[in-house]
Amino acid sequence: MNSFDSNPATNSLISSEADSQRTLYPYVTGTSVVGIKYKDGILLAADMGGSYGSTLRYKSVERLKPVGKHSLIGASGEISDFQEIMRYLDDLILSDNMWDDGNSLGPKEVHNYLTRVMYNRRNKFNPLWNSLVLGGVKNGQKYLGTVSMIGVHYEDNHVATGFGNHLARPLLRDEWRENLTFEEGVILLEKCMRVLLYRDRSAVNKLQIAKITEEGVTISPPYSLKTFWNFSAFENPTHGAEGSW
Amino acid sequence: MTKQQANWSPYDNNGGTCVAIAGADYCVIAADTRMSSGYNILTRDYSKIIQLADKSVMASSGFQADVRALQKVLASRHLLYQHQHNKQMSCPAMAQLLSNTLYYKRFFPYYAFNVLGGLDNEGKGCVFTYDAVGSYERVGYSSQGSGSTLITPFLDNQLKSPSPLLLPAKDAVTPLSEAEAIDLVKTCFASATERDIYTGDKLEIIVLNASGIRQEYMELRKD
């Protein structure tokens, strides 16, 4: 379907004076977000990096945020678009609260709202360049979903964005089970984040883990993972191939 | 300076296969529950089937965001129809609505490949098959999606549909019983799963007949 854009005949259908306003490519980006359901609710993990292309420019970016009383959002992709999404969500939650009717938006509703926002922006060829994870608990029901920049969405017991899909999901498919305890959940998430740290060049070793239960949201202070680089194969890499590098 | 080109595509193919078979007094609609993107499996448990009306069930594969939006538009239109006409839409009516809805976006299509199944006004099974821009026809059976190239020839062999050119027109519905049709559908998916990487995980089967609607599941290979 890329012939749609590269064909000069159709390209003019999408390009015009208003182009300077459209998103063409992302500038400051966050990498993977990983989320799992556990016994009491949802756990999300994301590092605090904001990359500017290949530069690890910002190292204290909070990519996990609470939304209303019942939800948590994690974002990867363009950070400025995430900030815009937070403004949309603040407005949404405000309007919900203004009804003052005792009802509040649950995670399923917020996920649906985000899906519609992302899809509608994609329809106008001006996407919000993010992949979002939305998790929460309401009335004992746990919910964990994700939505991409073109509006592809689904819910599952474990989700991930970006590289997390390649590296974390396989680990989760093997080791996730129903009713993990909080400690077990954190160990599992840290295992995923460690693999991502070793293998994703945009990952930074400063992360947060967020928890949401019926009681509320807790986002951990930033911390780093222990890593091991002393594998013997790395010690003298040119051993047996003198002259190589 | 050359003009900037967009380096993202508004479409993705999330894969999957759909099948529907019309019987004398029943209709079987089935689809796998795998959702993919490229070589990744996103989730193994996503339903592609939606009941639009009492006697209309749609299964759609293709780009999931478009499929979901299409489902919502049709559900919304059906609700309006019920308010205005105080009755459910018939399957042939829903078939026309789906066609019109797809053609409405002829110049930025819903990347959705649909089969609509149900019971017509006489209670006979009916299946309608579509392309992405709304071209449709009533058939006795159909398959759409990534596994359709593997399934359609097999169904052609097993169900031997009469030519639409025959005069007088011959009924397209299969002489198979409901149980035989369900078994055939299971065979189709088990085979498609072997060779199509986008088909697998689980099979969801919906059966519509005079007694109502029923759902069945079957495990498929997860590789």
Side-chain angles (χ1 to χ4, degrees), chain A residues 1-8 10-16 19-20 22-26 77-78 112 115-129 131 144-170 172-173, chain B residues 1-16 31-48 60-73 75-76 101 104-113 132-133 198 200-202 204 222-223:
Chain A
M1 293 281 170
N2 277 310
S3 57
F4 198 85
D5 305 324
S6 45
N7 178 357
T10 50
N11 192 34
S12 56
L13 281 169
I14 320 162
S15 318
S16 71
D19 268 6
S20 58
R22 282 207 178 112
T23 304
L24 290 169
Y25 32 72
E78 173 61 57
N112 189 61
T115 302
R116 289 303 113 217
V117 169
M118 302 303 274
Y119 183 69
N120 279 306
R121 288 290 295 256
R122 164 261 183 201
N123 285 345
K124 297 193 284 193
F125 279 90
N126 187 202
L128 289 160
W129 207 289
S131 286
L144 181 60
T146 183
V147 57
S148 79
M149 67 184 256
I150 50 173
V152 172
H153 60 282
Y154 57 94
E155 39 166 320
D156 209 335
N157 294 318
H158 45 79
V159 296
T161 67
F163 266 96
N165 269 313
H166 293 100
L167 298 170
R169 289 304 284 293
L172 294 168
R173 286 212 174 96
Chain B
M1 172 140 146
T2 49
K3 186 164 231 159
Q4 293 283 20
Q5 300 272 16
N7 49 13
W8 63 282
S9 170
Y11 292 109
D12 189 13
N13 189 354
N14 303 116
D32 69 326
T33 62
R34 173 176 285 180
M35 194 170 129
S36 331
S37 179
Y39 284 117
N40 288 323
I41 294 177
L42 297 177
T43 185
R44 298 188 191 275
D45 198 9
Y46 190 84
S47 175
K48 299 182 187 55
S60 322
S61 73
F63 174 44
Q64 186 257 1
D66 272 349
V67 166
R68 191 78 191 96
L70 179 64
Q71 290 175 347
K72 283 179 170 239
V73 166
S76 164
T101 307
Y104 195 74
K105 273 174 58 78
R106 170 66 178 78
F107 300 110
F108 184 18
Y110 288 113
Y111 192 75
F113 298 98
V133 286
Y198 299 110
D201 291 330
K202 208 162 66 180
E204 185 183 4
K222 295 166 192 340
D223 61 359

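Residue numbering restarts at 1 for every chain, and letters A, B, ... go by the order of the sequence lines.
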Colleague: Could you state the interatomic distance from OH (A/Tyr119) to NZ (B/Lys72), rounded to the nearest 0.5 Å?
Modeller: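 Interatomic distance, A/Tyr119 OH to B/Lys72 NZ, rounded to 0.5 Å: 11.0 Å.
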Colleague: Going by heavy atoms in the side chains, are A/His153 and B/Met35 under 4.5 Å from each other?
Modeller: no
Colleague: Would a 4.5 Å heavy-atom cut-off, applied to side chains only, mark A/Val152 and B/Phe63 as touching?
Modeller: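 A side-chain contact exists here, since the closest heavy-atom pair is under 4.5 Å.
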Colleague: Considering residues at least two apart in sequence or located in another chain, which fulfil the ring-ring contact (aromatic ring centres under 6.0 Å, His included) criterion with B/Phe113?
Modeller: B/Tyr111
Colleague: Measure across A/Ile150 and B/Ala65 and return the closest heavy-atom pair with its distance rounded to 0.1 Å.
Modeller: O-CB, 3.7 Å
Colleague: Cut-off 3.5 Å, side chains only: do B/Tyr46 and A/Asp156 have a donor facing an acceptor?
Modeller: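 There is no such pair between these side chains.
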Colleague: Is it the backbone or the side chain of B/Tyr39 that comes under 4.5 Å from a heavy atom of chain A, or both, or neither?
Modeller: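 Neither part.
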Colleague: Counting C-beta onward and ignoring hydrogens, is there a side-chain heavy-atom pair between A/Tyr154 and B/Asp45 closer than 4.5 Å?
Modeller: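 A/Tyr154 does not reach B/Asp45 side chain to side chain.
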Colleague: Any non-hydrogen side-chain atom of B/Thr43 less than 4.5 Å from a side-chain atom of A/His158?
Modeller: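 A side-chain contact under 4.5 Å is absent here.
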Colleague: Check whether any side-chain heavy atom of A/Tyr25 sits under 4.5 Å from a side-chain heavy atom of B/Trp8, and report yes or no.
Modeller: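 Contact flag for A/Tyr25/B/Trp8 side chains = no.
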Colleague: Please evaluate residues A/Asn123 and B/Lys105 with respect to the criterion side chain to side chain donor-acceptor pair (under 3.5 Å), reporting the C-alpha separation (whole Å), side-chain torsions for both, the decisive distance (0.1 Å), and the verdict.
Modeller: CA-CA 11 Å; A/Asn123 285 345; B/Lys105 273 174 58 78; 4.7 Å; no
Colleague: Identify whether NZ of Lys or CZ of Arg in A/Arg122 sits under 6.0 Å from the centre of the six-membered ring of B/Tyr11 and within 45° of that ring's axis.
Modeller: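 Yes, A/Arg122 lies over the aromatic ring of B/Tyr11.
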Colleague: Using non-hydrogen atoms and a limit below 4.5 Å, what part of residues 162-170 of chain A faces chain B?
Modeller: A/Asn165, A/His166, A/Arg169
Colleague: Write down the atom of B/Ala69, the atom of A/Arg116, and the distance for their closest heavy-atom approach.
Modeller: CB-NH1, 4.2 Å
Colleague: What part of A/Met118 gets closer than 4.5 Å to chain B, counting heavy atoms only: side chain, backbone, both or neither?
Modeller: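 Neither the backbone nor the side chain of A/Met118 comes within 4.5 Å of chain B.
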Colleague: Measuring heavy-atom distances to chain A, does B/Asp66 have an atom under 4.5 Å in its side chain, in its backbone, in both, or in neither?
Modeller: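 For B/Asp66, heavy atoms of backbone and side chain both lie under 4.5 Å from chain A.
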Colleague: Does any backbone or side-chain atom of B/Asp12 lie under 4.5 Å from a heavy atom of chain A? Answer side chain, backbone, both or neither.
Modeller: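 Both backbone and side chain.
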